[in-house]
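Counting convention: from 1, in listed order, for ligands and their atoms alike. Keep in mind that what you see is a predicted model, and the values were worked out from it rather than measured.
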Amino acid sequence: MERRRLFVLGPRGQVGWELMRALQPLGEVVGLDRALVDLDQPESLAARLAPRVGDVIINAAAWTAVDAAESQEAQALRINGEAPGALAGIAAQTGALLVHYSTDYVFDGSGSRPWVETDMCAPINAYGRTKLAGERAIAATRADWLILRTSWVYASRGSNFVRTMLRLGAEREALRVVANQIGAPTSARLIADVTAHLIKQSIADRLAGRFESGLFHLTARGQTSWHGFAAAIFDRWPTLSRQAALRVSRLEAIESRDYPTPAARPLNSRLDCQALETRFGLSLPDWQAGLEQVLTELAA
Ligand SMILES: NC(=O)c1ccc[n+]([C@@H]2O[C@H](COP(=O)([O-])OP(=O)(O)OC[C@H]3O[C@@H](n4cnc5c(N)ncnc54)[C@H](OP(=O)(O)O)[C@@H]3O)[C@@H](O)[C@H]2O)c1
């Protein structure tokens, strides 16, 4: 039997990098970066990818510059909206499975309960609109697909809140951080490890003829604000790191309106992950566990 191939788009991104490790036991993992497969050219994707029946396409590539999407929505839409639809078309034609990531930014951030998959989507910024377009384009095809909505992603590499806080905390004595946006910080490693589990089970389900495509929420358990997240980072870092001490001694809690950005951010980013836990027999860890692991990695 030919070895199954798993194509990872965006292999140098936060999630993509972790996928390149986590998927190894499942087959031949092929990382396809922007130079090989450019999502900005959706019409070129079929020629660049040649999946076979049973292969898996994992799309961890995306336009993730949330503020820049406000002024460049057409390009963000090609990458986040049209390209995922084209990938699903390729998956439908070839019999491959497509795994794709989306975001809590498809919701408007109102209310205080965690969003469930069937809640109404109403993005409040361009990035959210383009990601929702991608979800809908995939769901409109006959492909076998899984869409995983996540939030507040960070890792020991890439551009993310943890690394920004550690840099600013080393430079400044006082920091002001938004306290009225609530969500669950989710490590790229957790997303990749869960994705590997989902793919393994989905391959078995497909072989048994009982696979069903679906959209699921995937975040770490629990919730905090960006301010609470920053406090946890600064609390743990000194005990883990032998590197230069942090200068920051004052962490001021501010409101979103005190920190204006080109793109509005949802206040309530909480995602209910019960459906994923139930279907795939998982129990997601608390967000603090992922932070501990990433800080330990950064401190090494
Ligand atoms: N980051 C978050 O907080 C967050 C929250 C919710 C959902 N998500 C979703 O989770 C998924 C993974 O996000 P992430 O944080 O891992 O993203 P990331 O670190 O920003 O990585 C994105 C990757 O996409 C690649 N890419 C961008 N434009 C491309 C193009 N035109 N063609 C091919 N590749 C392209 C980038 O390539 P280069 O290395 O060449 O730039 C990069 O490797 C995305 O679907 C994102 O929307 C992220």
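Ring pair Trp115/Phe107 is parallel by interplanar angle, where below 30° counts as parallel and above 60° as perpendicular.
When each of Tyr154, Trp152, Trp287, Phe229 is checked for a ring pair (Phe, Tyr, Trp, His ring centres under 6.0 Å) with Phe161, only Phe229 meets the rule.
A heavy-atom cutoff of 4.0 Å around ligand 1 is satisfied by the protein residues Gly10, Arg12, Gly13, Gln14, Val15, Arg34, Val37, Asp38, Leu39, Asp40, Ala60, Ala61, Ala62, Thr64, Ile79, Tyr101, Ser102, Thr103, Tyr127, Lys131, Thr150, Ser151, Trp152, Val153.
A donor atom on one side chain and an acceptor atom on the other are found under 3.5 Å apart for Gln223 and Arg270. Using modelled atom types and a 3.5 Å distance limit, the side chains of Asn268 and Ser112 yield no donor-acceptor pair.
When the side chains of ILVMFWY residues are joined at heavy-atom separations under 4.5 Å, either directly or via intervening members, Ile138 and Leu45 end up in a single hydrophobic cluster.
Residue pairs satisfying the ring pair (Phe, Tyr, Trp, His ring centres under 6.0 Å) criterion with at least one member in residues 62-81, sequence neighbours excluded, are absent.
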